[in-house]
Peer 1: 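Quick one: this structure, given as structure tokens, is what I'll be asking you about.
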Amino acid sequence: MAADLSQIVKAYDVRGVVPDQWDEPLAELFGAAFAEVTGARAIVIGHDMRPSSPGLSRAFARGAALRGVDVTEIGLCSTDQLYYASGALDLPGAMFTASHNPAKYNGIKMCRAGAAPVGQDTGLAEIRELVERWSESGAPEPVAQRGTITQRETLEDYAAHLRSLVDLTSVRPLKVVVDAGNGMGGHTVPTVFESLPLDLVPMYFELDGTFPNHEANPLDPANIVDLQERVRAEGADLGIAFDGDADRCFVVDENGDPVSPSAITALVAARELAKHGGEGVVIHNLITSWTVPEVVEENGGTPVRTRVGHSFIKAEMARTGAIFGGEHSAHYYFRDFWNADTGMLAALHVLAALGGQDGPLSSLVAQYDRYAGSGEINSTVDDQQARLAALKKAYEGREGVTLDELDGLTVTAGDWWFNVRPSNTEPLLRLNAEARDEATMATVRDEALAIIRG
């Protein structure tokens, strides 16, 4: 009987509960299918600290080797470390992680050579089709010349590459608290920060895929409370939190107050534009703050607005030759890093910016925090499309208001905007609103929510 992959093959990756929804025999088929679809003669594989990750990773490697593909295993790594290996070795790659999901989950993030994304339209649909077929009819016969499986260390090279992209040699000493959430940041941060003028205060650096202290999802305010308290207690200059696979970073200032990912996007954009001669394209998704395109233009760059999601960002990065891209979910993409996302490189930019001047982080980022935002508000609805249609009807034709449907529905007026997007996996609508002042934002937010919730 064919495996039902509808619940685990998502838009950009594979993700599900182990072993209920997928297991090592299925991982072996995914490895064979990945080899087949990419047509590669060699691939690179890494994995996070989850208990199921080593076994799934090894099974995937076996499946690829049975198809004649040579496999380089880099072992424990962050997702951006896997992207580094894919880019530096010019090989397709597979990362075994479920990012910030709970311990019972695991998944595969796949890329082509040079860290180019694999999503539904770029190979994932074909991989799913092969796995389903083989799970029903039996795996294909091994090729005559099986591939080899070898191990390689890449952590030092990854760290050296990141440090080559941001000059931190002349920054003032900084005290930084880092909460790794028992995820892969605990593996990468000590090596990346080594030799930098930093007083590092580590939190939850022990690799533990059961997440004994808190979920490794800093987007949830409950999961950065420990970091905020520690920053204040230590009198630190800032705090940084990484998610489970350490490809996203979140920042709190010296007061323990969260710094908006849009502010980080604007700060890094200004630095990347300066690095590239004051010109270049910067990608931002449509729920980032108005501040981002303003700062990009003020620094000589060209802002380009995209849909939410890394496949859209990476596609626009490639199409436009953009130097940088940022999302409000704290994913940051760099041309100098194969257009891939790396929270660690964004963190180094923040450290360099802060250490290159004398003021506190709160003052530094104030220039990039110009508007009042609602944050993302999720509402459970019976019919996503009907609620979106009701919103469209309510705002269509209003004087001074424009609507666009690049991703969900975006409604824009002179001093406010909001976007409502349907979730792909749950019966939710996600609202983000912003205005020039808090009172206007609250009015806009509440009016939109009243329509969404009927």
Side-chain angles (χ1 to χ4, degrees), residues 12-15 27 30-48 53 56-58 60-61 63-65 67 69-99 107-124 126-127 147-165 184 187-188 191-192 245-248 309-311 313-315 317-318 322 324-325 331-346:
Y12 317 121
D13 60 11
V14 174
R15 199 172 300 193
F30 272 109
F34 183 66
E36 198 85 2
V37 170
T38 60
R41 299 184 64 178
I43 63 172
V44 59
I45 302 176
H47 64 80
D48 71 9
S53 289
L56 292 169
S57 176
R58 281 192 299 269
F60 188 97
R67 306 305 297 153
V69 172
D70 293 333
V71 179
T72 298
E73 294 181 319
I74 65 171
L76 280 168
C77 66
S78 60
T79 290
D80 66 325
Q81 187 183 335
L82 185 279
Y83 291 151
Y84 164 78
S86 172
L89 302 176
D90 198 29
L91 296 176
M95 174 67 186
F96 283 78
T97 181
S99 186
I108 321 171
K109 294 182 178 180
M110 290 171 271
C111 61
R112 294 182 183 268
V118 169
Q120 282 294 335
D121 300 328
T122 50
L124 190 53
E126 291 89 338
I127 290 169
T148 60
I149 300 176
T150 57
Q151 287 74 43
R152 177 170 179 157
E153 285 289 335
T154 59
L155 181 56
E156 293 282 355
D157 291 342
Y158 155 81
H161 179 68
L162 291 179
R163 290 196 299 264
S164 76
L165 298 176
M184 291 314 302
H187 180 68
T188 57
T191 302
V192 175
D245 60 337
D247 63 348
R248 290 187 294 160
H310 79 94
S311 64
I313 297 277
K314 289 174 179 175
M317 293 276 291
F324 174 64
H331 281 285
Y332 306 104
Y333 308 78
F334 296 82
R335 186 170 72 188
D336 293 340
F337 200 78
W338 300 279
N339 290 340
D341 42 324
T342 164
M344 190 68 74
L345 186 51

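Treat the numbers as computed from the prediction; the structure is a model and nothing was measured.
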Peer 1: How far does CG of L124 sit from CG of D13, to the nearest 0.5 angstrom?
Peer 2: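 The CG atom of D13 is 8.0 Å from CG of L124, to the nearest 0.5 Å.
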
Peer 1: Once you round to the nearest 0.5 Å, how far does OG of S57 lie from CZ of F96?
Peer 2: 5.5 Å

Peer 1: For the residue pair S99 and D48, establish whether any side-chain heavy-atom pair is separated by less than 4.5 Å.
Peer 2: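 No, their side chains stay 4.5 Å or more apart.
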
Peer 1: Looking only at side-chain N and O atoms, does T154 offer a donor or acceptor that is under 3.5 Å from a partner on Q81?
Peer 2: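 Result is yes, a qualifying pair exists.
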
Peer 1: Is any side-chain heavy atom of F334 closer than 4.5 Å to one of T342?
Peer 2: yes

Peer 1: Which of parallel (below 30°), tilted (30 to 60°) and perpendicular (above 60°) describes W338 and Y84?
Peer 2: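 Judged by the thresholds at 30° and 60°, the geometry between W338 and Y84 is perpendicular.
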
Peer 1: What closest approach, in Å, do A40 and P92 show between heavy atoms, and which atom pair accounts for it?
Peer 2: CB-CG, 3.6 Å

Peer 1: Rounded to the nearest 0.5 Å, what separates atom CG in N339 from atom CE in M317?
Peer 2: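 Reported value, rounded in 0.5 Å steps: 4.0 Å.
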
Peer 1: Taking all atoms of both residues into account, what is the closest heavy-atom pair of T191 and R163, and its distance?
Peer 2: O-NH1, 2.9 Å

Peer 1: Check whether T38 reaches the backbone of F34 with its side chain - one donor and one acceptor, N or O, closer than 3.5 Å.
Peer 2: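 Yes; judged by distance alone, with no hydrogens or angles, the pair exists.
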
Peer 1: Would you say H331 and I313 make side-chain contact, with heavy atoms under 4.5 Å?
Peer 2: no

Peer 1: Taking the six-membered ring of Y83 as reference, does the cationic atom of K314 (NZ for Lys, CZ for Arg) lie under 6.0 Å from its centre and within 45° of its axis?
Peer 2: yes

Peer 1: Between D247 and Y332, is the side-chain contact (heavy atoms from CB on, under 4.5 Å) condition met? List the steps.
Peer 2: CA-CA 9 Å; D247 63 348; Y332 306 104; over 6 Å; no

Peer 1: Which heavy atom in A61 sits nearest to a heavy atom in E73, and how many Å separate them?
Peer 2: CB-OE2, 3.8 Å

Peer 1: Would you call I108 and F30 a side-chain contact if the rule is heavy atoms closer than 4.5 Å?
Peer 2: yes

Peer 1: Just how far is it from atom CE of M95 to atom CD1 of I45, taken to the nearest 0.5 Å?
Peer 2: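 So the gap between those two atoms works out to 11.5 Å.
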
Peer 1: Is the backbone N or O of V44 less than 3.5 Å from a side-chain atom of T72, with the two atoms forming a donor-acceptor pair by type?
Peer 2: no

Peer 1: Do Y333 and F324 come within less than 4.5 Å of each other through their side chains, counting heavy atoms only?
Peer 2: no

Peer 1: Heavy atoms only: give me the nearest V71-A65 pair and the separation to one decimal.
Peer 2: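 The pair with the smallest heavy-atom distance is CG2-N, 4.3 Å.
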
Peer 1: Is there a side-chain contact between T97 and K109, using heavy atoms and a 4.5 Å cut-off?
Peer 2: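 T97 vs K109: side chains touch.
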
Peer 1: Taking the side chain as every heavy atom from C-beta outward, state whether Y12 and H310 have any pair of such atoms under 4.5 Å apart.
Peer 2: yes

Peer 1: Hey, does the side chain of D90 reach the backbone of A113 with a donor-acceptor pair shorter than 3.5 angstrom?
Peer 2: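 It does not hold such a pair.
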
Peer 1: Ignoring hydrogens and geometry beyond distance, is a side-chain donor-acceptor pair present between Y158 and D80 at under 3.5 Å?
Peer 2: yes

Peer 1: Would you call L162 and V192 a side-chain contact if the rule is heavy atoms closer than 4.5 Å?
Peer 2: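 Touching, per the 4.5 Å side-chain cut-off.
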
Peer 1: Between H161 and S164, what is the shortest heavy-atom contact and its length?
Peer 2: O-OG, 2.6 Å

Peer 1: Say you draw a straight line from OG1 of T150 to CG of D70; how long is it, rounded to the nearest 0.5 Å?
Peer 2: 7.5 Å

Peer 1: If you look at every heavy atom in G46 and L82, which pair is closest and at what distance?
Peer 2: N-CD2, 3.8 Å

Peer 1: Measure the CE-OG1 distance between M184 and T79 for me, rounded to the nearest 0.5 Å.
Peer 2: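 The distance works out to 9.0 Å.
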
Peer 1: Can a donor-acceptor pair be found between the side chains of D245 and S78 at a distance below 3.5 Å?
Peer 2: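 Short answer, no.
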
Peer 1: Are the charged groups of E36 and R67 less than 4.0 angstrom apart, N to O?
Peer 2: yes

Peer 1: I'd like to know whether L89 forms a side-chain contact (heavy atoms from CB on, under 4.5 Å) with R152, so could you lay out the CA-CA distance, the side-chain angles of the two residues, the decisive distance to 0.1 Å, and finally the verdict.
Peer 2: CA-CA 11 Å; L89 302 176; R152 177 170 179 157; 3.5 Å; yes

Peer 1: Should we say atom CD of Q151 is surrounded by more than 12 heavy atoms from elsewhere, each under 6.0 Å from it?
Peer 2: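 Enclosed.
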
Peer 1: If we ignore hydrogens and angles and just use 3.5 Å, is the side chain of R112 paired with the main-chain N or O of T122 as donor and acceptor?
Peer 2: yes

